[in-house]
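Step one of this worksheet: look at the structure below.
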Amino acid sequence: QVQLVESGGGLVQAGASLTLACTTSGSLLTDLVVGWFRQAPGKEREFLATISRSGTATYYTDSVKGRFTISRDIDKNAVYLQMNSLKSEDTAVYSCAGRGGSSWFMLHRDQYDYDYWGQGTQVTVSS
């Protein structure tokens with residue numbers, strides 16, 4: 001059973017940076033394509049970024065491109081989402097998701113492609 005756990009959320013001021021981590025127990029994250037999503041109150045879940053199993057391919061939604069960076073640390077069995085220049089509209093619950101059975105360089109943007117989800121971590125950006 002794959003369990004994903006997010007950490008690193010919190011309350012920050014606009015313009016600040018925050019790095020979220022996605023880790024797992026009982027599995028290797030390199031077995032999974034990993035994506036980051038967020039959901040703000042009253043809004044649908046939004047795709048943010050995804051990284052291939054190899055860690056060499058990434059894809060971002062336009063709203064975070066240039067501000068957010070997704071990366072892998074194989075030694076720590078973790079995937080990170082570094083978020084810079086945070087805005088009040090970035091306030092949401094951030095979740096990581098994992099998809100198994102994908103090739104080494106594949107990416108997934110659709111939430112329905114993912115098999116495993118963490119419980120999420122709250123990010124609040126005050127203006």
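A quick note: this is a predicted structure, and the numbers were derived from the prediction, not measured.
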Notebook entry, point to check: Any donor-acceptor pair under 3.5 Å linking the side chain of Thr121 with the backbone of Ser7?
Noted result: no
Note to self: I'd like to check Ile70 versus Gln82 (side-chain heavy atoms, cut-off strictly below 4.5 Å). Are they in contact?
What the structure shows: no
Next item on the list: Just do the side-chain hydrogen bond (donor to acceptor under 3.5 Å, both in side chains) check on Gln122 and Thr124 with the steps written out, would you?
Entry: CA-CA 6 Å; Gln122 176 70 46; Thr124 303; 3.3 Å; yes
Check: Cluster question for you: counting only ILVMFWY and a side-chain heavy-atom cut-off of under 4.5 Å, with indirect links fine, are Ile51 and Phe68 together?
Finding: yes
Item checked: Sidechain N-carboxylate O distance under 4.0 Å for Asp90, Lys87 -> no
Next item on the list: Measure the spacing between CD of Gln111 and CZ of Arg99 and express it to the nearest 0.5 Å.
Entry: 13.5 Å
Notebook entry, point to check: Pairs in or reaching into residues 19-63: which pass ring pair (Phe, Tyr, Trp, His ring centres under 6.0 Å), with residues at least two apart or in two chains?
Noted result: Phe37-Phe47, Phe37-Tyr114, Phe37-Trp117
Note to self: Same cluster or not: Met106 versus Val79, using hydrophobic residues (I, L, V, M, F, W, Y) connected whenever any side-chain heavy atoms lie under 4.5 Å apart?
What the structure shows: no
Next item on the list: Show your reasoning for whether side-chain contact (heavy atoms from CB on, under 4.5 Å) applies to Leu86 and Leu18.
Entry: CA-CA 8 Å; Leu86 285 164; Leu18 207 58; 3.8 Å; yes
Item checked: Set of side-chain hydrogen bond (donor to acceptor under 3.5 Å, both in side chains) partners for Thr56, sequence neighbours left out -> Ser54
Check: Taking side chain as C-beta onward, heavy atoms only, is Leu107 less than 4.5 Å from Thr58?
Finding: no
Notebook entry, point to check: Could you give the distance from CG (Leu81) to OG1 (Thr69), rounded to the nearest 0.5 Å?
Noted result: 8.0 Å
Next item on the list: Working to the nearest 0.5 Å, report the span between CG of Asp73 and OG1 of Thr30.
Entry: 11.5 Å
Item checked: Partner of Arg53 under side-chain contact (heavy atoms from CB on, under 4.5 Å), chosen from Val34, Asp31, Leu32, Leu29 -> Asp31
Margin query: Working to the nearest 0.5 angstrom, can you tell me the gap between Leu48 CG and Arg67 CZ?
Written below: 9.5 Å
Check: Is the backbone N or O of Ser27 less than 3.5 Å from a side-chain atom of Asn77, with the two atoms forming a donor-acceptor pair by type?
Finding: yes
Next item on the list: Kindly determine whether Thr50 and Val33 satisfy side-chain contact (heavy atoms from CB on, under 4.5 Å), including the steps that lead there.
Entry: CA-CA 7 Å; Thr50 180; Val33 175; 3.5 Å; yes
Next item on the list: Look at atom CD of Gln119 and say whether more than 12 heavy atoms of other residues, nucleotides or ligands are closer to it than 6.0 Å.
Entry: no
Check: For Ala57, does its backbone N or O pair with a side-chain atom of Ser52 as donor and acceptor, under 3.5 Å?
Finding: yes
Check: Which heavy atom of Ser88 sits nearest a heavy atom of Ser127, and at what distance?
Finding: CB-CB, 4.3 Å
Notebook entry, point to check: Any donor-acceptor pair under 3.5 Å linking the side chain of Glu6 with the backbone of Cys96?
Noted result: yes
Next item on the list: Could you tell me which non-hydrogen atom of Thr23 sits nearest to which non-hydrogen atom of Ala78, and how far apart they are?
Entry: CG2-CB, 3.8 Å
Check: In this structure, are over 12 heavy atoms from other groups packed under 6.0 Å from Gln3 atom CD?
Finding: no
Margin query: Looking at Lys76, I want to see if its NZ is surrounded by more than 12 non-hydrogen atoms of other residues, nucleotides or ligands under 6.0 Å.
Written below: no
Next item on the list: Take Leu20 and Met83 through the side-chain contact (heavy atoms from CB on, under 4.5 Å) test and state the conclusion after the steps.
Entry: CA-CA 8 Å; Leu20 306 181; Met83 306 183 294; 3.7 Å; yes
Check: Do you know the tightest heavy-atom contact between His108 and Ser102?
Finding: NE2-OG, 2.9 Å
Margin query: For a quick test of reading the model, state the closest non-hydrogen atom pair linking Ser85 to Ser17 and the distance between them.
Written below: N-OG, 4.3 Å
Margin query: Main chain of Glu46, side chain of Arg38: is a donor-acceptor contact present, judged purely on distance under 3.5 Å?
Written below: no
